[in-house]
*Asks:* 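This is the structure I have questions about; it appears just below.
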Amino acid sequence: MGTREQGRQDRREHQEHLGHLGHQEQREQRNRQERRERQERRILLAPFVACLLIAVPDLLFDQVPRLITLLLIGPLLACARLGVRHTVLVCCWSAALGLAIGLGNDAVPSTGFGVRFGGLLVGCVLTVYAARQRDRLRDRLARAREVARVTQTAILRPISRTFDGTLVCTRYHSASHESAVGGDLYDVAMTPYGLRVLVGDVRGHDVEALRLSAGTLTAFRELAYTTPDLTTLAVDLDARITPELGPEDFVTAVLAEFAPGEVRLVNCGHPPPLRSGHRIELLEPLVPTPPLGLGPDPIQYRVRLQPGDRLLLYTDGLTDARDPQGAPFPLLGEAALALREPLPDDALRALHARLLAHTGTALADDLALVLCQPTEATVPAPVP
């Protein structure tokens, strides 16, 4: 009874901790939204205030030279940051202030005022045209980004489904703000030899890393269905992607093949998978193998999966994360707590929340998480 009550207490504390992390993330999102709204209000008001500051001296003091043409500063600010509608409003405001300056100085009938005021109106027309062109370019860029987003999703699609008795869930974070896909990669393939999973990490974070990620995934999707064993698959992957790599490039990778009651693994320089069940442990290879692109000689090893076991494949964005004091993320302890969640998607969400709580800020590295859980209790095949 005492052990059962302690277990319930641990689960309650675990849920409260996750709830606290969720509330903290929501507060941070609200704070970011409020800061963006305040910044947008300042941007909207800036052109109007600039025009008013230019016009007030000429309206109040006759000895100050007429500054009508300087009223173009407001429309220029508007066309650089705002849309067409707001630019038109600022232009109308500038023209009204310019006319008020002329009336206040009894200069409206004069030729000099007409020239200056005409120049102001021409400048306003040009700023509206510039704002329109800017909006068109922004729309084109938005469409291009959407096409890129859809393409990147096709390259690295989210997964949460069961493949031949194994539930697979994924979670991904790209450190690049410009791209939804970085140097980390994953994929699954339901082959004649069973479910196969690839998790890898391309050296670097730039566009070149994205290109190499796409090339590695393409090679895996072509070879996974025809290569009979994981060691040959790793060798063929190495041969396929090596010509595309630079002299200092490489790809760490772990390949997993699920069979009744077990998983077969080949690890090429990648962080070891983590098995969670009755106990939690890292599944280190017996012999270290270099990454793809560096001539690996891979060796397959087999690991028994008991009913209820889970296998976590991940990239070094999890193990290399540091808190503000430089302490590494305590993987085994945090994973043991997060993987208590009954649903795999919730377990990955909890692990990601714990990682963010540890770093205290946005992740500086790409991160790929793949959680696999056999849903059928079976007996492994005998070792040949």
Side-chain angles (χ1 to χ4, degrees), residues 156 159 163-166 168 170 183-203 212-213 215-245 249-276 281-305 309-319 331 368-374 378 380-384:
L156 206 64
I159 300 172
F163 299 87
D164 193 28
T166 300
V168 180
T170 64
D184 290 4
L185 58 99
Y186 66 83
D187 202 7
V188 300
M190 194 60 239
T191 73
Y193 314 102
L195 172 65
R196 287 176 170 176
V197 180
L198 165 69
V199 174
D201 185 359
V202 175
R203 180 181 178 273
L212 294 176
S213 295
T216 304
L217 290 171
T218 300
F220 173 75
R221 291 167 184 173
E222 292 177 0
L223 297 171
Y225 296 91
T226 58
T227 310
D229 58 82
L230 290 186
T231 54
T232 305
L233 177 58
V235 171
D236 291 347
L237 279 174
D238 177 70
R240 178 70 65 88
I241 69 174
T242 295
E244 302 180 14
L245 300 177
D249 293 333
F250 56 85
V251 181
T252 68
V254 60
L255 294 163
E257 180 181 275
F258 289 86
E262 69 175 9
V263 61
R264 301 157 188 164
L265 298 167
V266 166
N267 193 326
C268 296
H270 198 78
L274 183 147
R275 179 175 61 181
S276 172
E281 60 180 334
L282 296 175
L283 304 178
E284 299 274 3
L286 298 178
V287 179
T289 302
L292 302 178
L294 300 180
D297 184 15
I299 299 175
Q300 176 179 287
Y301 59 106
R302 302 170 61 177
V303 177
R304 177 75 179 270
L305 293 179
D309 282 357
R310 287 173 169 176
L311 185 71
L312 177 66
L313 308 174
Y314 55 92
T315 56
D316 60 7
L318 188 63
T319 53
L331 176 59
L369 301 173
V370 179
L371 186 60
C372 306
Q373 179 178 339
T378 52
V383 179

*Asks:* Find out whether Val199 and His270 are in side-chain contact, i.e. whether some heavy atom of one side chain is under 4.5 Å from a heavy atom of the other.
*Replies:*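 The answer is yes; the side chains approach within 4.5 Å.
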*Asks:* Check this for me: does any side-chain nitrogen of one of Glu262 and Arg304 sit under 4.0 Å from a carboxylate oxygen of the other?
*Replies:*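 Salt bridge flag = no for Arg304 with Glu262.
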*Asks:* Which atoms form the tightest heavy-atom contact between Pro272 and Leu283, and what is the distance?
*Replies:*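 Looking at all heavy atoms of both residues, the closest pair is CB-O, 3.6 Å.
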*Asks:* Could I get the full list of side-chain hydrogen bond (donor to acceptor under 3.5 Å, both in side chains) partners for Glu222, not counting sequence neighbours?
*Replies:*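 Counting only residues at least two positions away or on another chain, Glu222 forms a side-chain hydrogen bond (donor to acceptor under 3.5 Å, both in side chains) with Arg240.
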*Asks:* Roughly how far, to the nearest 0.5 Å, is the CE atom of Met190 from the OG1 atom of Thr166?
*Replies:*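 It is 8.0 Å, given to the nearest 0.5 Å.
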*Asks:* Please name the pair of heavy atoms, one in Thr191 and one in Ala224, separated by the smallest distance, quoted to 0.1 Å.
*Replies:*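 Here Thr191 and Ala224 meet closest at CG2-O, 3.3 Å.
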*Asks:* Are the side chains of Val370 and Val168 in contact, using a 4.5 Å heavy-atom criterion?
*Replies:*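 Val168 vs Val370: side chains touch.
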*Asks:* Do Thr315 side-chain atoms and Ala368 backbone N/O form a donor-acceptor pair below 3.5 Å?
*Replies:*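 Yes; judged by distance alone, with no hydrogens or angles, the pair exists.
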*Asks:* What closest approach, in Å, do Gly215 and Ile241 show between heavy atoms, and which atom pair accounts for it?
*Replies:*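 Shortest heavy-atom contact: O-CG2, 4.4 Å.
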*Asks:* How many angstroms lie between atom CG of Leu245 and atom CG of Leu292, to the nearest 0.5 angstrom?
*Replies:*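 Result: 8.5 Å between the selected atoms.
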*Asks:* Nearest 0.5 angstrom please: Asp201 CG to Thr252 OG1, how far?
*Replies:*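 Answer rounded to 0.5 Å: 4.5 Å.
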*Asks:* Quick check for you: to the nearest 0.5 Å, what is the distance between Ser276 atom OG and Leu312 atom CG?
*Replies:*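 One gets 8.5 Å once the value is rounded to the nearest 0.5 Å.
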*Asks:* When you compare the side chain of Leu369 with that of Leu318, does any pair of heavy atoms fall below 4.5 Å?
*Replies:*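 Side-chain contact under 4.5 Å: yes.
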*Asks:* What residues, two or more places apart in sequence or in another chain, satisfy side-chain hydrogen bond (donor to acceptor under 3.5 Å, both in side chains) together with Asp238?
*Replies:*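 Per chain and number, Asp238 pairs via side-chain hydrogen bond (donor to acceptor under 3.5 Å, both in side chains) with Thr242.
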*Asks:* If you look at every heavy atom in Tyr225 and Tyr193, which pair is closest and at what distance?
*Replies:*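 Scanning both residues, the minimum pair turns out to be O-CE1, 3.8 Å.
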*Asks:* Answer whether the closest heavy-atom distance between the side chains of Pro273 and Leu265 falls below 4.5 Å.
*Replies:*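 Pro273 reaches Leu265 side chain to side chain.
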*Asks:* Taking side-chain hydrogen bond (donor to acceptor under 3.5 Å, both in side chains) as the definition, give me every residue that meets it alongside Thr231, ordered by chain and number, with sequence neighbours left out.
*Replies:*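 By the side-chain hydrogen bond (donor to acceptor under 3.5 Å, both in side chains) rule, Thr231 matches Asp229.
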*Asks:* Going by salt bridge (Lys or Arg N to Asp or Glu O under 4.0 Å), name the residues that satisfy it together with Asp249, two or more places apart in sequence or in a different chain.
*Replies:*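 Once residues adjacent in sequence are excluded, the partners of Asp249 under the salt bridge (Lys or Arg N to Asp or Glu O under 4.0 Å) criterion are Arg203.
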*Asks:* What do the steps show when you test Arg196 against Val188 for side chain to side chain contact (heavy atoms under 4.5 Å, CB included), and what is the final call?
*Replies:* CA-CA 6 Å; Arg196 287 176 170 176; Val188 300; over 6 Å; no
*Asks:* Let me confirm one number: the CG-CG distance from Asp164 to Leu195, rounded to the nearest 0.5 Å.
*Replies:*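 Asp164 atom CG to Leu195 atom CG measures 7.5 Å (nearest 0.5 Å).
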*Asks:* For residues Phe258 and Leu311, determine if any side-chain heavy atom of one lies less than 4.5 Å from a side-chain heavy atom of the other.
*Replies:*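 Phe258 reaches Leu311 side chain to side chain.
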*Asks:* Check whether any side-chain heavy atom of Glu244 lies under 4.5 Å from a side-chain heavy atom of Leu212, and answer yes or no.
*Replies:*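 Touching, per the 4.5 Å side-chain cut-off.
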*Asks:* Mind checking whether Val266 and Ile299 have side chains closer than 4.5 Å, heavy atoms only?
*Replies:*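 Answer no - side chains too far apart.
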*Asks:* Compute whether any side-chain donor of one residue and acceptor of the other, for Gln373 and Arg310, lie under 3.5 angstrom apart.
*Replies:*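 Yes - a donor-acceptor pair under 3.5 Å links their side chains.
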*Asks:* Quick one: side-chain contact (heavy atoms from CB on, under 4.5 Å) partners of Thr319, sequence neighbours excluded?
*Replies:*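 For Thr319 the side-chain contact (heavy atoms from CB on, under 4.5 Å) partners, ignoring immediate neighbours, are Tyr314, Asp316, Leu331.
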*Asks:* If you compare all heavy atoms of Cys372 against all heavy atoms of Val197, which two are closest, and at what distance to 0.1 Å?
*Replies:*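 Between these two residues, the closest heavy atoms are SG-CG2, 4.3 Å.
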*Asks:* Under a 4.5 Å cut-off applied to non-hydrogen side-chain atoms, are Tyr186 and Leu217 in contact?
*Replies:*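 Contact flag for Tyr186/Leu217 side chains = no.
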*Asks:* Using the test side-chain contact (heavy atoms from CB on, under 4.5 Å), find all partners of Pro290 that sit at least two apart in sequence or belong to another chain.
*Replies:*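 Leu294, Pro296.
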*Asks:* For the atom pair OG1 (Thr232) and CD (Gln300), what is the distance rounded to the nearest 0.5 Å?
*Replies:*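 Rounded to the nearest 0.5 Å, the OG1-CD separation comes to 9.5 Å.
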*Asks:* Indicate the atoms forming the closest heavy-atom contact of Leu255 with Leu230, along with that distance.
*Replies:*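 That would be O-CD1, 3.8 Å.
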